[in-house]
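Below is one structure, written out as structure tokens, with a few remarks after it.
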Amino acid sequence: MNRWEAEREAFRKLAGAARAPVAIVGAGLSAESGVPTFRGPGGLWRSHRPEELATPGAFQRDPRLVWEWYNWRRGRVAQATPNPAHRWLAAYERQVPSFLLITQNVDGLHGLAGSRNLVEFHGNLWVVRCTRCGREREDRSVPVPVPPRCPDCGGLCRPGVVWFGEAIPRDALARSIAAVQACDLLLVLGTSAVVHPVAGLPDLAPEAPLVEINPASTPLTPRARLSVRAPVGEFLAPLLADGTEENG
Ligand code: NAD
Ligand code: ZN
């Protein structure tokens with residue numbers, strides 16, 4: 001008997017029955033791709049805690065330091081490829097077109113796996129934004145020259161991500177809220193569910209069954225219909241072979 005077989009059966013049923021599912025995912029989903037989470041092993045960089053670097057204040061004080069950290073992260077992500085969890089989410093979207101994936105990850109691996117109905121809640125690591133004129137552009141160089149300058153106005157550029165203490169872009173927030181309010185299944189995968197406002201989204205769907213997949217418990221565990229203590233890629237890998245019959 002395979003590990004987590006009973007949980008997989010329960011998961012199959014819930015995912016197969018949903019007509020308006022939403023997934024909320026976090027850094028744990030990319031852990032099996034080799035991208036460290038903030039609070040797990042490998043999250044520290046030169047003894048700095050991410051919570052001290054991913055802030056507007058840190059960038060104001062020392063933009064070079066923050067950019068060097070982003071260059072290190074870009075290097076890690078550039079070598080990473082989607083794992084079975086990214087691939088299952090992309091396949092689920094093909095099966096249930098209304099499925100919305102809300103990710104806190106900035107690594108772009110969902111796009112690589114083929115997800116299109118996607119809200120990148122915290123932005124994207126490969127986007128840089130000018131702090132003077134506000135223009136954004138994609139820059140995939142690793143490393144970027146530190147600190148990068150805007151080709152249009154010469155202003156200082158910053159990573160196109162949402163830092164601790166910053167507001168979520170209005171469109172991303174509105175789209176996420178609407179989808180969660182209308183959902184009939186909430187998948188919460190690989191997130192510690194403590195970073196707000198994303199951690200508050202499940203409260204908008206108190207009636208929807210919640211499925212959590214995470215090796216550790218989280219503040220959402222007590223309300224989960226199904227709580228699976230497993231690495232999410234390892235749990236979902238066998239389901240990739242299911243094809244489309246569940247919703248067919
Ligand atoms: P977090 O670092 O706070 O928590 C990660 C969670 O993933 C933990 O609960 C942990 O138990 C779980 N986890 C670890 N390995 C797992 C696995 N194999 N399968 C399932 N779960 C696993 O991350 P967070 O909740 O996403 O929030 C922190 C913030 O850090 C986010 O806002 C995000 O923007 C940012 N971040 C992004 C990336 C990325 O883009 N890949 C990486 C690190 C941090
Ligand atoms: Zn500019």
Side-chain angles (χ1 to χ4, degrees), residues 4 23-45 49-51 53-55 69-70 72-74 76-86 88-89 102-113 118-137 147-166 168 172 187-202 211-221 227-237:
W4 302 305
I24 299 174
V25 317
L29 203 108
S30 292
E32 288 159 272
S33 294
V35 183
T37 64
F38 275 1
R39 295 168 184 84
L44 284 183
W45 171 78
R49 290 179 36 216
E51 294 91 329
L53 293 167
T55 70
W69 178 53
Y70 274 89
W72 174 74
R73 293 180 63 195
R74 282 170 164 246
R76 298 292 297 250
V77 168
Q79 289 168 19
T81 52
N83 68 52
H86 297 103
W88 183 86
L89 289 163
I102 303 168
T103 189
Q104 300 169 82
N105 296 344
V106 296
D107 55 36
L109 291 178
H110 294 296
L112 279 184
L118 174 69
V119 173
E120 288 182 316
F121 211 75
H122 291 161
N124 190 299
L125 193 66
W126 302 114
V127 172
V128 297
R129 182 164 77 242
C130 177
T131 59
R132 191 186 291 163
C133 73
R135 262 188 215 119
E136 289 194 339
R137 66 200 157 84
R149 294 278 164 189
C150 174
D152 299 311
C153 78
L156 175 64
C157 287
R158 59 163 281 173
V161 302
V162 177
W163 282 327
F164 292 108
E166 292 187 314
I168 303 299
L187 306 174
V188 181
L189 314 176
T191 176
S192 56
V194 294
V195 179
H196 279 272
V198 85
L201 286 175
V211 176
E212 173 176 78
I213 308 177
N214 194 318
S217 66
T218 78
L220 290 173
T221 304
S227 179
V228 188
R229 292 292 156 77
V232 61
E234 201 179 328
F235 180 80
L236 291 176

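Just so you know, ligand 1 is whichever comes first in the structure, and atom 1 is the first atom listed for that ligand.
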Ligand 1 contact on A85 by region, counting heavy-atom pairs under 4.0 Å: neither
Minimum heavy-atom separation for I213 and A230, please, with both atom names. CG2-O, 3.6 Å
Answer yes or no for P215: is there a heavy-atom contact with ligand 1 below 4.0 Å? yes
Parallel, tilted or perpendicular: ring planes of F235 versus W4, cut at 30 and 60 degrees: perpendicular
Could you tell me whether ligand 1 has any atom less than 4.0 Å away from a heavy atom of A54? no
Worked verdict on V162 versus F121 for side chain to side chain contact (heavy atoms under 4.5 Å, CB included): CA-CA 8 Å; V162 177; F121 211 75; over 6 Å; no
Report yes or no: does a heavy atom of V195 sit under 4.0 Å from some atom of ligand 1? yes
Run the side chain to side chain donor-acceptor pair (under 3.5 Å) test against T218 and tell me which residues pass, sequence neighbours left out. E212
Only counting residues at least two apart or in another chain, list the ones meeting side chain to side chain donor-acceptor pair (under 3.5 Å) with E136. R129
Closest to atom 3 (O) of ligand 1 by heavy-atom distance, out of E32, R73, R39, is R39
Could you tell me whether some N/O pair between V35 and ligand 1 is separated by less than 3.5 angstrom? no
Show the nearest heavy-atom pair for residues P82 and S33, with the distance to one decimal. C-OG, 3.9 Å
Shortest protein contact, atom 17 (C) of ligand 1 (heavy atom only): G28 O, 3.4 Å
CZ of R49 to CG of L44, rounded to nearest 0.5 Å, is 8.5 Å
Using distance alone, with no hydrogens and no angle criterion, decide if H86 and S30 have a side-chain donor and acceptor under 3.5 Å apart. yes
Consider every N or O of G190 and every N or O of ligand 1, then say whether any pair is closer than 3.5 Å. yes
Residue, atom name and distance, where the atom is the protein heavy atom closest to atom 40 (O) of ligand 1: V106 N, 2.7 Å
Is the backbone of T221 close enough, under 3.5 Å, to the side chain of S227 for a donor and an acceptor to pair up by distance? no
Atom 11 (O) of ligand 1 [closest protein heavy-atom partner, distance rounded to 0.1 Å]: N214 OD1, 2.7 Å
If I compare all heavy atoms of C133 with all of C150, which pair ends up nearest, and what's the gap? SG-SG, 3.9 Å
Atoms of type N, O or S from protein under 2.8 Å of the Zn ion (ligand 2), total 4
What verdict does the side chain to side chain contact (heavy atoms under 4.5 Å, CB included) test give for V128 and R137, after you've listed the backbone C-alpha separation in whole Å, the side-chain angles of each residue and the deciding distance to 0.1 Å? CA-CA 6 Å; V128 297; R137 66 200 157 84; 3.6 Å; yes
Minimum-distance protein heavy atom relative to atom 34 (O) of ligand 1: Q104 O, 2.6 Å
Nearest-neighbour protein heavy atom for atom 25 (O) of ligand 1, which is reported as residue plus atom name and distance: T191 OG1, 2.8 Å
Would you mind finding which of G233, A31, A27 brings a heavy atom closest to atom 38 (C) of ligand 1? A27
When you look at V161 and Y70, which way does the side chain to side chain contact (heavy atoms under 4.5 Å, CB included) test go after all the steps? CA-CA 11 Å; V161 302; Y70 274 89; 3.5 Å; yes
Interatomic distance, CG@L109 vs CG@L89, rounded to 0.5 Å, equals 12.0 Å
Take D107 and R76, measure what side chain to side chain contact (heavy atoms under 4.5 Å, CB included) needs, and give me the verdict at the end. CA-CA 10 Å; D107 55 36; R76 298 292 297 250; over 6 Å; no
Close N or O approach (F38, ligand 1; < 3.5 Å): yes
Under the side chain to side chain donor-acceptor pair (under 3.5 Å) rule, collect the residues that match up with R135, sequence neighbours excluded. D152
Test your reading of the structure: does G26 have an N or O sitting under 3.5 Å from an N or O of ligand 1? no
The closest protein heavy-atom partner of atom 42 (C) of ligand 1 is P36 O, 3.4 Å
Could you tell me the separation between the CH2 atom of W88 and the CG atom of N83, rounded to the nearest 0.5 Å? 13.0 Å
Please identify which atoms of ligand 1 are closer than 4.0 Å to at least one heavy atom of A216. 11 (O)
Do ligand 1 and V232 have nitrogen or oxygen atoms that lie under 3.5 Å from each other? yes
Could you find the nearest protein heavy atom to atom 41 (N) of ligand 1 and give me its residue, atom name and distance? D107 OD2, 2.7 Å
Nearest-neighbour protein heavy atom for atom 31 (C) of ligand 1, which is reported as residue plus atom name and distance: H122 ND1, 3.7 Å
